[in-house]
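First up is the structure itself, then whatever we jot down about it.
Chain naming here is simple, since letters A, B, ... match the order of the sequence lines and numbering starts at 1 in each. Atom set for the values below is all heavy atoms of this structure, side chains included, hydrogens, waters and symmetry mates excluded.
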Amino acid sequence: MLDVKFVLANLEVVRKALEDKKAANEHTDLAKLPLLEEQRKKAIQEAEKLKAEKNKLSKEIGVRMGRSKSLAREPEKLLAVNAEIADLQKQSKALNDRIQALETDQGRIEAERDEMLAWVPNIPHASTPPGTSSADNVIMRTEGRKPQFDFAPKAHFELGSKLGILDTDRGAKISGSGWYFLRGDGARLERALIAWFLDVHRARNGYEELLPPFFVTEKTLYGSGQFPKFQEQMYYAEMDKLYAIPTAEVPVTGYHRDEILDEKDLPKKYVAYSACFRREAGAAGADTRGILRVHQFNKVEMLKLTTPQSSYAEHEAMLENAEHLLKELGLHYRVVLLCRADLGFSAAKCYDLEVYAPAADKWLEVSSVSNFEDYQARRTNLRYRPADGGKPQFVHTLNGSGLALPRMVVALWECNQQKDGSILIPPPLRKYMDGQERIAAK
RNA sequence: GGAGAGGUGGCAGAGCGGUCGAAUGCGGCGCCUUGCUAAGGCGUUGUACGGGGCAUAACCUCGUACCGAGGGUUCGAAUCCCUCCCUCUCCGCCA
């Protein structure tokens, strides 16, 4: 979330962001905020004044209680002290009701304010283009060569079923539509991709590997900005009140929650594999053939915690880390800078990587590389202490897919298919498959 | 799932109704002693919110809150009571 003070000082900027991101709703009436803040401060001031008074009285009582104990032999003085005590107690008690009323007020005001802030999205970075839909995204550049075929390339679901490496029918039989089996070399290729991605990010790019829990609490979801907006997209285990993660970003963002890191330990760079679970409610129909949109998929996610000064440089570096994989695999892809309307709720800036799939003649989104600035860190209360010893600051958080598997698999199968229906395995993956160079029908 | 023990400042660890935001040790920071190393002496040491100083900075100062979380008892709670969460030990179950 945003800093209240920032919102109050920049109401127009925030209003613009609500509009750009089409995030305005009944919770986001910013006009109320200055008044709420004023009422809040007033309640705090009054309550604290009364509490100071009460604390003083209690101390006085303590002193007299001590004296009273030593006066057992002097009944007259004892009586006088006890009378004083009774009087002070009465005064102190009288304060309690007023204090409680003020605190109740304050709690109510803060709850209303926080509800509002929870629905306010992050402000787009100055370098993000304006726009009203994904049609206004800017294609920064296109890399690699478009694959050429002297035959009609087959779609991934056709290749997959002919080669016996993808089984959507049995996936649907045991779990319903949107679930699938990978089989044989298909399953092995998936595993090879995961292992290779992790190895590149660890050894080449310097990320530390994490293997996170796949189920998390509601509080954790709130920290990465999935709540309250995307609640209905998540699988929920009611008996344990746990949610299946939609991305490893969620547990890894929560990893350092409520901590104060040292600046010298920044940037922290983590890479995590996880299965990702999405209900995809309301998405039935479009792009559902095969495994383009499924309920469970594998993904390798990069995450960084940085200082505000270096976050945009780290953002570019992270983009390069994801691109490197696509280059090594020899894929045709493009880098897209999202316009403000297409930018996620919590993000300030985001690049998408889209890879070309020849059969459908479509660009498939395989990565999203975002800078959240301090938006997630504020929710998750994750700060760092500056090297000069100043007050703790919120870190900047970034994350990016590196990469999302099913769509990568679709592109790889389709781009590397041969006339005889087999699929060539790209060189970087062969060592993870016992040197195998090709997936052919059994 | 059952039984027991416990959750205190960066860490370790006292306190178990009244000047306790919290002893002590370690660590960190500053100054001093010291030929290097080792060691020693003195001082300092959290976070958030609000007021004032002030430029809505740094910083200083005052107040309030924070001893796992949330409630309760009391004039007053780290200390007593309740609920929840987590950790550890033993038993059971299990990949």
Rounded C1' spacing from B/C42 to B/G53 in Å = 32 Å
Checking N1-N3 plus N6-O4 or O6-N4 for Watson-Crick, or N1-O2 and O6-N3 for wobble, each under 3.5 Å, the partner of B/G46 is B/C66
RNA chain B nearest-nucleotide lookup for A/Lys90 and A/Gly62: closer to the 5′ end is A/Gly62
Check: How are the rings of A/His295 and A/Tyr235 set relative to one another: parallel (under 30°), tilted (30 to 60°) or perpendicular (over 60°)?
Finding: perpendicular
**Message:** I'd like to know whether the aromatic ring centres of A/Tyr312 and A/His396 sit less than 6.0 Å apart in this structure.
**Reply:** no
Paired to B/A58 by Watson-Crick or G-U wobble criteria (both distances under 3.5 Å) is none
Going 5' to 3' through nucleotides 48-67 of chain B and flagging B where a protein heavy-atom sits under 4.0 Å of the base, S where only the sugar-phosphate is that close, and - otherwise, we get SBSS-----------BBS--
Mate of B/U19 across any strand shown (Watson-Crick or G-U wobble, both atom pairs under 3.5 Å) is none
Rounded to the nearest 0.5 Å, the CG atom of A/Asn122 sits from the CZ atom of A/Phe372 at a distance of 9.0 Å
| task | Sticking with atom C1', work out how far B/C90 lies from B/C29, rounded to a whole angstrom. | result | 45 Å
Classify A/Ser58 by what it touches in the nucleic acid, base, sugar-phosphate, or nothing, heavy-atom distance under 4.0 Å. base
Item to complete: Determine the interatomic distance between P on B/G40 and the same-named atom on B/C26; round to the nearest Å.
Response: 9 Å
Atom CD1 of A/Ile260 and atom P of B/U47 are separated, to the nearest Å, by 6 Å
- [ ] Sticking with atom P, work out how far B/G7 lies from B/G13, rounded to a whole angstrom.
- [x] 10 Å
pair_partner(B/U79), Watson-Crick or wobble, both distances < 3.5 Å, evaluates to none
Separation between CG (A/Leu382) and OG1 (A/Thr253), nearest 0.5 Å, reads 9.0 Å
Mate of B/C88 across any strand shown (Watson-Crick or G-U wobble, both atom pairs under 3.5 Å) is B/G4
Given the options A/His256, A/Glu209, A/Glu208, A/His201, A/Tyr270 meets side chain to side chain donor-acceptor pair (under 3.5 Å) only with A/His256
Original post:
Do the side-chain N or O atoms of A/Lys54 get closer than 4.0 angstrom to the phosphate oxygens (OP1, OP2) of B/G76?
Top reply: yes
